[in-house]
Asks: 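Before I ask anything, let me first share the structure, which is written out below as structure tokens.
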Amino acid sequence: MSFRVSWHNLLERLDDLPEGATLRTPLSNDRFQITGVQEHRVIIRFSDSGESRPLQKDQFETLYRRVTDSTDGFDLDRLPPDADPYPTVLSLHPRFEVNDDRGVIIETEAPTTSLLLDEGPSSEPASDERTEPDLDVYADALLLVDALERHEVTALDEVETGTLIDLYTLLSDVQRNANDLRKEIADTLLDRLHHDRPVSGSYGSVQRTARTNRSLKDDEEVLDTLESAGIDRDRVVSVDRGKVDDALEVTDVAEIDVYEIEETEYVRKAEVDEDRKETRLQGLKEQLAASDADDADQLRDEVEELESRIEELTEFKSGQSYHTRSNADR
């Protein structure tokens, strides 16, 4: 099939998109909507910045040629700067698909999927459709927020000891569970990042990187290698703490004779009253779920206002600038 035919098929698909349909770019995960479909270009608007950009027909043709000329698909890392939206739009054509796992856009005869996130504002979940995630960090975070709301913690010296213990326990649990979930998310993200450029979400960006860990080979192998290079063994041999501890077990030498000892004191969580936490948590859940309460509407309004403030304060905006919308694009 020629590009001319494929182009007009694509334009027909774009014309059929519901108003407000949101798509995402495969590399940076930027969200955008298609606001104009013309014979020689497609106009898009980015959701975060609100800026519009024209995507030119000749650039689509270049991408089309590279994809169709490739046997294994076109590597998305080879896209020029600012070209991230092109494969997203092209993937709306029934013969082209973006493969996130491989980081390529391919031509295929099989049924395809696109990077269409939703089909317009009507598909947004309603506020009363919230579901409670079955996560330990969610439960502990809810208890922590409740405790912070009930106690004044800006002046810790004036807070009762029992309250401080509860806050410390909850903070410790949230930190542990958050770190566990963070690691699971990081492991999943690692399979989706195919390049060294930052990938953005609503609140920030992440980047695939590498860390080198070193561990010495067998002692004798290391010493022989260095000795053959003219390094005296005595220059690299040091006291091994484990061997010193073994020696202390079978001698009368005191720790203080071989160690510099400094004692520090700290607070350690000894135990957690899970039953008490569960009782309080259930009460909070019932309170939030009581939609027939007199102050339910006010509570929902406060939650929505808080979410809006959090989103506004933590919104991540890339420093990369796009083409400024011209009068013709408006």
Asks: Kindly give the heavy-atom pair with the smallest separation between N29 and R24, and that separation in Å.
Replies: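 Looking at all heavy atoms of both residues, the shortest contact is OD1-NH1, 3.0 Å.
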Asks: Say whether V153 and I165 are linked into one hydrophobic cluster, either directly or through other cluster members, by side-chain heavy-atom distances under 4.5 angstrom.
Replies: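 In one cluster with V153: I165, no.
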Asks: Any ring-ring contact (aromatic ring centres under 6.0 Å, His included) pairs touching residues 68-90, not counting sequence neighbours?
Replies: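 Qualifying pairs, neighbours excluded: F60-Y86.
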Asks: Would you check if there is a donor-acceptor pair between the side chains of E227 and T225 at a distance under 3.5 Å?
Replies: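 No pair is found: no donor N or O on one side chain lies under 3.5 Å from an acceptor on the other.
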Asks: Same cluster or not: are L115 and L90 linked, directly or through other Ile, Leu, Val, Met, Phe, Trp or Tyr residues, by side-chain heavy atoms under 4.5 angstrom apart?
Replies: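 Same cluster: L115 reaches L90 through Ile, Leu, Val, Met, Phe, Trp or Tyr contacts under 4.5 Å.
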Asks: Mark yes or no for whether N177, through its side chain, and D173, through its backbone, hold a donor-acceptor pair below 3.5 Å.
Replies: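 Indeed, once roles are kept as given, a pair shorter than 3.5 Å links the two residues.
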Asks: Between E39 and H8, is any side-chain donor less than 3.5 angstrom from a side-chain acceptor?
Replies: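 Judged by distance alone, the side chains do pair up.
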Asks: Search all heavy atoms of Q33 against all heavy atoms of G20 and return the closest pair with its distance.
Replies: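 Minimum heavy-atom separation between Q33 and G20: CG-O, 3.9 Å.
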Asks: Is there a path from L156 to V174 through hydrophobic residues (I, L, V, M, F, W, Y) whose side chains come within less than 4.5 Å of each other?
Replies: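 They do share one cluster, since a chain of ILVMFWY contacts under 4.5 Å joins L156 to V174.
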Asks: Is a side-chain donor or acceptor of D84 paired with a backbone partner of S28 at a separation under 3.5 angstrom?
Replies: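 Side chain of D84 to backbone of S28, a donor-acceptor pair under 3.5 Å: yes, one is there.
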Asks: Could you check if a side-chain atom of L17 sits within less than 4.5 angstrom of a side-chain atom of L92, using non-hydrogen atoms only?
Replies: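 They are in contact (side-chain heavy atoms under 4.5 Å apart), so the answer is yes.
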Asks: Please check: side-chain N/O of T68 versus main-chain N/O of R65, any donor-acceptor pairing under 3.5 Å?
Replies: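 Side chain of T68 to backbone of R65: a pair is present.
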Asks: Using atom types as modelled and distance alone, determine if a side-chain donor or acceptor of R102 lies under 3.5 Å from a backbone N or O of D72.
Replies: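 It does hold such a pair.
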Asks: Would you say V145 ends up clustered with L181 if hydrophobic residues are merged whenever their side chains have heavy atoms under 4.5 Å apart, either directly or through other cluster members?
Replies: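 Per the 4.5 Å side-chain linkage, L181 and V145 are not co-clustered.
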Asks: Do I44 and T35 come close enough that some side-chain heavy atom pair is under 4.5 Å?
Replies: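 No. Closest side-chain heavy atoms not under 4.5 Å.
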Asks: In sequence, state the C-alpha distance, the side-chain angles, and the governing distance for D224 and R233, and then conclude on salt bridge (charged side-chain N to carboxylate O under 4.0 Å, His left out).
Replies: CA-CA 8 Å; D224 290 343; R233 287 184 173 225; 2.7 Å; yes
Asks: Test your reading of the model: is there a side-chain donor-acceptor pair from D257 to the backbone of V253, 3.5 Å cut-off?
Replies: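 Absent.
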Asks: Just so I know, are the side chains of R53 and I43 near enough to count as touching, which here means a heavy-atom distance under 4.5 Å?
Replies: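 They are not in contact (no side-chain heavy atoms under 4.5 Å apart), so the answer is no.
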